[in-house]
Amino acid sequence: ADQAVTNAKVNNSAAIAASKIADFVTGNTNNRVLTATGTANSLNGEANLTFDGSNLAISGELDVFKASGFGDIFHVRGNSTNTVVAKIENAYTTDNDRFAVLEIKSGKCQLRFQSNGDTTEGAITYEMANNAMVFGANNAAERMRIDSSGRLLIGTSTARGLGHLEIEGTSFENSGLTLVRNSNNTGSTAINICKSRGGIGSVTSVASGDVLGGINFRGADGANLRDA
């Protein structure tokens with residue numbers, strides 16, 4: 001009859017026979033993560049979930065769900081000034097644009113879009129120091145930003161304070177604004193300059209003498225942009 005073991009010493013060379021492991025582990029292959037099966041004395045080596053001591057690999061879907069309450073659902077933490085927090089990759093070898101990288105580094109949080117040669121093609125960056133959102137394209141060169149005041153800046157990173165939309169460039173093509181209407185009728189495009197005496201979104205009546213809008217032509221005098 002089986003007897004209970006109350007005290008036992010196991011030397012350094014002791015091992016459990018593979019045949020005994022097979023009695024309660026199904027799919028016992030190197031690096032597979034073992035999971036409970038719901039059956040007593042039974043574990044399963046997951047073919048789609050492996051860990052080699054450094055990398056956890058999941059072949060399939062990762063479903064992260066928080067039933068109730070508050071707090072982080074998925075939290076990855078780094079410990080350096082230049083930490084890649086998450087990397088999403090399409091391993092399809094002929095796909096030229098196959099992964100995105102979320103990176104935290106000193107003063108910035110950046111979502112990068114990269115080619116399969118690890119070349120950064122585009123990026124969305126939040127600059128913590130000045131509370132600006134920067135959009136980059138074509139080797140992630142800055143093309144547009146929203147500054148801390150909500151101004152949309154194209155071609156410049158410094159607002160002149162002359163409006164909520166500022167476009168700067170060195171040629172007609174990169175400093176101009178074009179409006180085109182494509183329709184098979186007599187209608188055209190338009191620029192609307194409007195005025196209300198109420199708050200945002202209101203249609204409060206204007207009063208006699210109100211200036212409804214204007215187009216200003218200004219030239220630089222060496223210090224500022226002055227009205228012509």
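Positions are given from 1 along the sequence.
- Just one of T125, N130, N131 meets the side chain to side chain donor-acceptor pair (under 3.5 Å) condition when paired with E127; it is N130.
- The main-chain N or O of G122 is never found under 3.5 Å from a side-chain atom of T120 such that the two would form a donor-acceptor pair.
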Step-by-step side chain to side chain contact (heavy atoms under 4.5 Å, CB included) determination, I124 to F113: CA-CA 9 Å; I124 301 174; F113 305 94; 4.3 Å; yes
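- Using a 4.5 Å cut-off on side-chain heavy atoms (C-beta onward), I167 and L165 make contact.
- Residues L111 and M144 are members of one and the same hydrophobic cluster, defined by side-chain heavy-atom contacts under 4.5 angstrom among Ile, Leu, Val, Met, Phe, Trp and Tyr.
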Derivation and outcome, side chain to side chain contact (heavy atoms under 4.5 Å, CB included), residues C109 and M128: CA-CA 8 Å; C109 178; M128 308 294 184; 3.7 Å; yes
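- No side-chain heavy atom of L152 sits under 4.5 Å from any side-chain heavy atom of H164.
- Within the 4.5 Å cutoff, the side chain of L212 has heavy atoms near those of the V206 side chain.
- Minimum interatomic distance between E46 and T35 (heavy atoms only, all atoms of both residues): OE2-OG1, 2.6 Å.
- In this structure, D52 contributes its side chain and S54 its backbone to a donor-acceptor pair below 3.5 Å.
- Residue-environment remark: CZ (R160) stays at or below the threshold of 12 foreign heavy atoms within 6.0 Å.
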Side chain to side chain contact (heavy atoms under 4.5 Å, CB included) assessment of F135 paired with R143: CA-CA 6 Å; F135 299 85; R143 305 299 180 185; 5.8 Å; no
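- Around atom CG of N185, more than 12 heavy atoms belonging to other residues, nucleotides or ligands sit under 6.0 Å away.
- Residues A123 and Q110 come closest through the heavy atom pair CB-NE2, 4.0 Å.
- For the pair I146/R151, no side-chain contact is recorded, criterion being any heavy-atom separation below 4.5 Å from C-beta on.
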Side chain to side chain contact (heavy atoms under 4.5 Å, CB included) assessment of N48 paired with I58: CA-CA 6 Å; N48 295 324; I58 302 172; 5.9 Å; no
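- Contact of the I193 side chain with the I215 side chain is registered, since non-hydrogen atoms from C-beta on lie closer than 4.5 Å.
- With rounding to the nearest 0.5 angstrom, the CE atom of M133 is 12.5 Å from the CG atom of D147.
- For the atom pair N138 CG and E121 CD, the distance stands at 7.5 Å (nearest 0.5 Å).
- Looking at heavy atoms from C-beta onward, V25 lies out of side-chain contact with N44 at the 4.5 angstrom threshold.
- When side chains are defined from C-beta on, E142 counts as touching S157, because their heavy atoms get closer than 4.5 Å.
- Side-chain contact between T37 and L43: absent, with no pair of heavy atoms (C-beta onward) separated by less than 4.5 Å.
- Residue N216 holds its CG atom at 13.5 Å from CZ of R226, rounded to the nearest 0.5 Å.
- Counted within 6.0 Å of CG on L56, heavy atoms from surrounding residues, nucleotides or ligands total more than 12; the atom is thus considered enclosed.
- The two residues N174 and T170 make their nearest non-hydrogen contact at OD1-N, 2.8 Å.
- The minimum heavy-atom distance between G187 and S183, with the atom names listed, is O-OG, 4.5 Å.
- For the pair T189 and R181, the tightest heavy-atom approach, listed with the atom from each and the gap, is N-CB, 3.8 Å.
- Summarising the geometry of S175 relative to E168, their closest heavy-atom pair is CB-C, 4.2 Å, with the distance given to 0.1 Å.
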